Each structure stands twice: as structure tokens, then as C-alpha cells.
Amino acid sequence: MKATVRAHTNIALIKYWGKRDEDLFLPTNSSLSITLDRFYTETMVHYDHRLSEDVFWLNHVQADQKETNKIRSFLNKVRDLTGEVRSARVESVNHVPTASGFASSASGFAALAGAAVKATGMNLSERELSQVARQGSGSACRSIFGGFVEWQKGTEVNGSDSYAVQLLDQKAWDLRVLAIEVSTEVKKVLSREGMKRTVATSPFYQGWLQAAEADLVTAKKAIAQRSFTLLGETLESNALKMHATTLGADPPFMYWQSTTLSVMEAVQDLRDKGLEAYFTIDAGPNVKVICKPEVEQKLINELSRLDVVKDIYSCQIGPGLRYLEG
Ligand code: DP6
């Protein structure tokens with residue numbers, strides 16, 4: 001009847017950018033991410049026959065109607081799957097600084113999927129759970145697993161072959177991610193809306209699809225060989241290509257601010273000076289920098305000197321979903 005789950009955020013090295021089915025959250029391209037230890041969501045789901053409708057508390061405050069409706073429509077999918085008929089009380093706490101630029105939707109829907117299924121008494125495999133989480137937010141399917149994770153896009157119309165698989169476990173390759181905060185402004189174009197507009201209107205979108213497929217092959221090879229340089233070059237170029245598609249959209253948009261560019265330039269300059277690190281950016285202005293552990297502190301020292309940098313959060317590779325005491 002009741003279950004509590006912790007799930008961590010993830011950062012895509014090869015981006016998910018575009019859907020072939022909006023309702024089932026089926027992507028047009030496969031993606032690859034690392035799960036992060038530092039940021040996570042803990043969610044409790046309690047089905048209770050005394051409740052006439054679902055109730056959602058976020059960070060100890062009752063959520064508004066809009067937020068509650070999002071949770072309700074996701075719980076309806078879980079009820080359809082499991083045969084559960086009761087309404088639920090959902091309590092969720094995000095240990096994700098909102099300004100970090102890490103989407104809490106990935107950890108949020110992964111934790112909710114885990115708890116909502118478990119509380120019905122049904123046991124699903126991690127693969128099946130990733131398919132459930134996917135239907136709350138695409139990137140959430142990758143947060144079921146720790147370490148290096150691939151979301152295989154699949155080709156079936158019903159989504160039965162679109163799920164996440166673990167490529168390397170949490171301890172297999174120690175890399176670090178620095179989340180560089182340059183802005184705390186709320187994003188103007190949410191990722192869901194941004195990818196939709198890009199698929200529909202950007203003439204660069206076909207190019208993105210071809211490039212993303214090739215980048216995924218290269219990134220997987222780099223991971224198998226533990227080749228940091230190859231992985232770094234591939235992930236940085238993949239992020240740039242994703243952002244290039246938004247410039248061609250109608251109306252056009254961009255997630256970068258001048259402060260974003262300052263950090264990108266600084267990372268490239270430091271790299272020229274021998275400090276090897278690579279950047280990636282999601283649907284917002286903040287930058288994430290990937291490096292090996294031995295250069296992490298030096299990099300923090302250098303980047304914190306930039307005027308545009310407000311804060312730096314340092315992360316290690318994190319674990320998959322974990323069931324906590326109910
Ligand atoms: C740029 O998973 O937030 O972060 O499926 O519509 O909820 P929805 O989108 P979401 O998109 C993430 C986009 C991205 C790239 C990525 O994480 O792969």
C-alpha cells in the first residue's frame with residue numbers, strides 16, 4: 001500500500017532531443033547518460049481507499065492543481081498497468097538545487113514510477129520500470145539505473161522496445177561532473193516544448209538525427225575503451241549539434257546566455273592549456289563540465305575565478321533506484 005523510493009538525476013552525454021510519439025514518450029533518437037550521486041528525489045506513494053482523489057505534496061508543501069494533475073495523469077497510467085483502483089497520497093522531496101540546471105523531472109518521475117508501482121505490490125524488472133518512468137518524462141527512464149546508461153529508442157509503435165539499459169555500473173569508471181551555475185532564471189522554452197518545435201520546424205533536425213546516431217556509436221566505443229578524450233570530444237560536439245537545431249526552429253530560440261558562452265570558452269581555453277575537460281548543456285543556460293578526478297580541483301579553482309560563475313556543484317557518478325523504508 002505504501003512505498004518510498006530514491007532516484008538520482010542524470011546528465012545526457014548524447015542527448016534525447018525529439019519524440020516520435022508524444023503520448024508514449026517515444027524518442028526519435030537513442031541517448032546516453034550518466035547518473036549523478038549528488039542530486040536525487042525521494043518519493044513516498046501511499047494508496048488509500050479513504051482518498052477521493054490523488055494528493056501531491058512537493059518539498060513539504062501541497063502542490064497546486066497544475067502540478068497535481070501531472071502526477072495524477074501519470075498515476076492513471078500506473079493504475080491502468082497494475083489494476084490499482086485507489087487514489088494516492090504522494091510526498092516528494094527534491095534534493096536538487098533548482099538553480100543547478102539539473103532537471104528534477106528525471107529523478108522525480110523515476111522515483112515516482114518506482115514508488116507508485118511498488119506500493120501496488122507488483123514487482124517489475126528495472127527494464128519494465130524504465131518503460132513506466134519514461135511515460136512521465138523521457139529522461140526519467142535513464143534514472144532507473146546507476147552508472148552509464150543507454151536509452152534505446154526502439155522501433156515498435158507501442159513502445160515495448162523503448163527502454164534504458166545499463167552500460168557500466170556506478171564504480172566502473174570514475175568521472176566527475178561539475179554543474180556550473182550561471183543563471184537562476186526560469187527557462188523560457190521548456191525542453192518538452194523546445195524539442196517539439198524543433199522536430200516540427202527546424203531544417204537542421206534531419207542532420208541532428210544522423211549525427212546523433214553516429215555520436216552514440218562513438219560514445220559507446222569510447223566508454224568500452226575508457227577513452228576519455230574520445231568520449232569528451234563526442235559529448236561536447238553532440239551538445240553543440242543539439243543546440244544548433246534550436247536556431248533553425250520557427251520561431252527560433254536558444255538556451256544559451258552570454259554567461260553560458262563565457263563558461264564554454266573558458267573550458268576550451270583550459271583544455272588548450274592541458275586541463276582536459278568537456279562541456280555539455282541541456283535546455284537551460286547552465287553548463288556541466290565533465291572531467292577526470294585528478295583535474296577536478298584545479299578546474300574548480302580556475303572556473304570559480306570567472307565573474308559569471310555563481311556556484312559550482314561537484315558530482316560523482318551515482319547509483320540507480322533504491323527502495324527505502326516505507
Ligand atoms: C535536453 O526528458 O525533460 O535534457 O520527455 O518531454 O519530459 P520530456 O523531456 P525531458 O527532456 C530532456 C532533454 C535534454 C536531453 C536529455 O536529457 O537527454
Side-chain angles (χ1 to χ4, degrees), residues 7-36 39 41 67 70-71 73-74 77 94 96 98 100-113 130-145 148-154 159 162-164 167 177 179 186-200 202 205 208-209 211-213 215-216 219 234-246 249 253-256 260 279-288 290:
H8 291 252
T9 54
N10 69 75
I11 171 89
L13 308 182
I14 304 298
K15 306 296 183 190
Y16 146 51
W17 195 241
K19 293 183 183 71
R20 64 184 162 93
D21 185 316
E22 305 271 330
D23 296 328
L24 291 172
F25 291 74
L26 298 177
T28 45
N29 69 286
S30 297
S31 55
L32 193 158
S33 63
I34 44 184
T35 304
L36 301 175
F39 304 135
T41 302
E67 288 300 311
K70 276 191 213 160
I71 300 300
S73 62
F74 181 74
K77 292 181 182 177
N94 269 334
V96 184
T98 28
S100 68
F102 280 116
S104 51
S105 73
S107 56
F109 278 103
L112 180 62
S130 84
Q131 292 183 297
V132 178
R134 189 198 76 218
Q135 294 176 64
S137 181
S139 53
C141 78
R142 301 185 306 236
S143 275
I144 301 297
F145 296 96
F148 288 72
V149 183
E150 179 184 354
W151 173 11
Q152 299 179 345
K153 66 179 172 148
S162 183
Y163 46 71
L167 299 177
V177 177
V186 181
K187 44 190 170 186
K188 292 183 196 82
V189 185
L190 296 172
S191 51
R192 190 161 302 177
E193 146 75 10
M195 65 175 86
K196 191 175 173 180
R197 192 188 302 172
T198 306
V199 174
S202 178
Y205 194 69
W208 157 256
L209 284 179
E213 200 170 314
D215 286 347
L216 180 74
T234 310
L235 74 90
E236 191 171 290
S237 132
N238 183 265
L240 291 170
K241 284 177 276 199
M242 177 203 117
H243 286 272
T245 66
T246 73
F253 61 104
M254 67 166 95
Y255 289 113
W256 305 346
T260 313
F279 62 75
T280 187
I281 305 153
D282 286 320
N286 295 316
V287 184
K288 288 94 187 180
I290 291 102

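What you see is a predicted model, and the numbers here were worked out from it, not measured in a lab. As the structure lists them, so they are numbered: ligands from 1, and atoms in each ligand from 1. The first residue of the sequence shown is numbered 1, and numbering continues consecutively from there. Computed from heavy atoms alone, side chains included, the values below leave out hydrogens, waters and symmetry copies.
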If you count the non-hydrogen atoms of other residues, nucleotides and ligands that lie under 6.0 Å from CD in Glu213, is the total more than 12?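 Open.
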
Please list, chain by chain and in numerical order, all residues satisfying salt bridge (Lys or Arg N to Asp or Glu O under 4.0 Å) with Arg197, sequence neighbours excluded.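 Partners of Arg197 by the salt bridge (Lys or Arg N to Asp or Glu O under 4.0 Å) criterion, ordered by chain and then number, come out as Glu193.
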
Thr260 side chain to Pro285 backbone, donor-acceptor under 3.5 Å: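 Flag set: sc Thr260 to bb Pro285 pair under 3.5 Å.
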
Got a donor-acceptor contact below 3.5 angstrom from the Ser143 side chain to the His8 backbone?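 Yes, Ser143 side chain to His8 backbone: donor-acceptor pair under 3.5 Å.
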
Among Ser130, Ser139, Ser162, exactly one meets side-chain hydrogen bond (donor to acceptor under 3.5 Å, both in side chains) together with Trp151. Which residue is that?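 Per the side-chain hydrogen bond (donor to acceptor under 3.5 Å, both in side chains) rule, the option paired with Trp151 is Ser162, out of Ser130, Ser139, Ser162.
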
Does a side-chain heavy-atom distance below 4.5 Å link Trp17 with Pro27?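 No, side chains not in contact.
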
Contacts table for ligand 1: protein N or O within a distance under 3.5 Å of ligand N or O, distances only.
{"from": "ligand 1", "atom 1": "2 (O)", "to": "Ser137", "atom 2": "OG", "distance (Å)": "3.2"}
{"from": "ligand 1", "atom 1": "2 (O)", "to": "Ser139", "atom 2": "N", "distance (Å)": "2.9"}
{"from": "ligand 1", "atom 1": "2 (O)", "to": "Ser139", "atom 2": "OG", "distance (Å)": "2.6"}
{"from": "ligand 1", "atom 1": "3 (O)", "to": "Ser191", "atom 2": "OG", "distance (Å)": "3.2"}
{"from": "ligand 1", "atom 1": "4 (O)", "to": "Asp282", "atom 2": "OD1", "distance (Å)": "3.4"}
{"from": "ligand 1", "atom 1": "5 (O)", "to": "Tyr16", "atom 2": "OH", "distance (Å)": "2.6"}
{"from": "ligand 1", "atom 1": "5 (O)", "to": "Gly138", "atom 2": "N", "distance (Å)": "2.7"}
{"from": "ligand 1", "atom 1": "6 (O)", "to": "Lys19", "atom 2": "NZ", "distance (Å)": "2.7"}
{"from": "ligand 1", "atom 1": "6 (O)", "to": "Arg192", "atom 2": "NE", "distance (Å)": "2.8"}
{"from": "ligand 1", "atom 1": "7 (O)", "to": "Ser137", "atom 2": "OG", "distance (Å)": "2.6"}
{"from": "ligand 1", "atom 1": "7 (O)", "to": "Arg192", "atom 2": "NH2", "distance (Å)": "2.7"}
{"from": "ligand 1", "atom 1": "17 (O)", "to": "Arg142", "atom 2": "NH2", "distance (Å)": "2.8"}
{"from": "ligand 1", "atom 1": "18 (O)", "to": "Tyr16", "atom 2": "N", "distance (Å)": "2.9"}
{"from": "ligand 1", "atom 1": "18 (O)", "to": "Arg142", "atom 2": "NH1", "distance (Å)": "2.9"}
{"from": "ligand 1", "atom 1": "18 (O)", "to": "Arg142", "atom 2": "NH2", "distance (Å)": "3.1"}

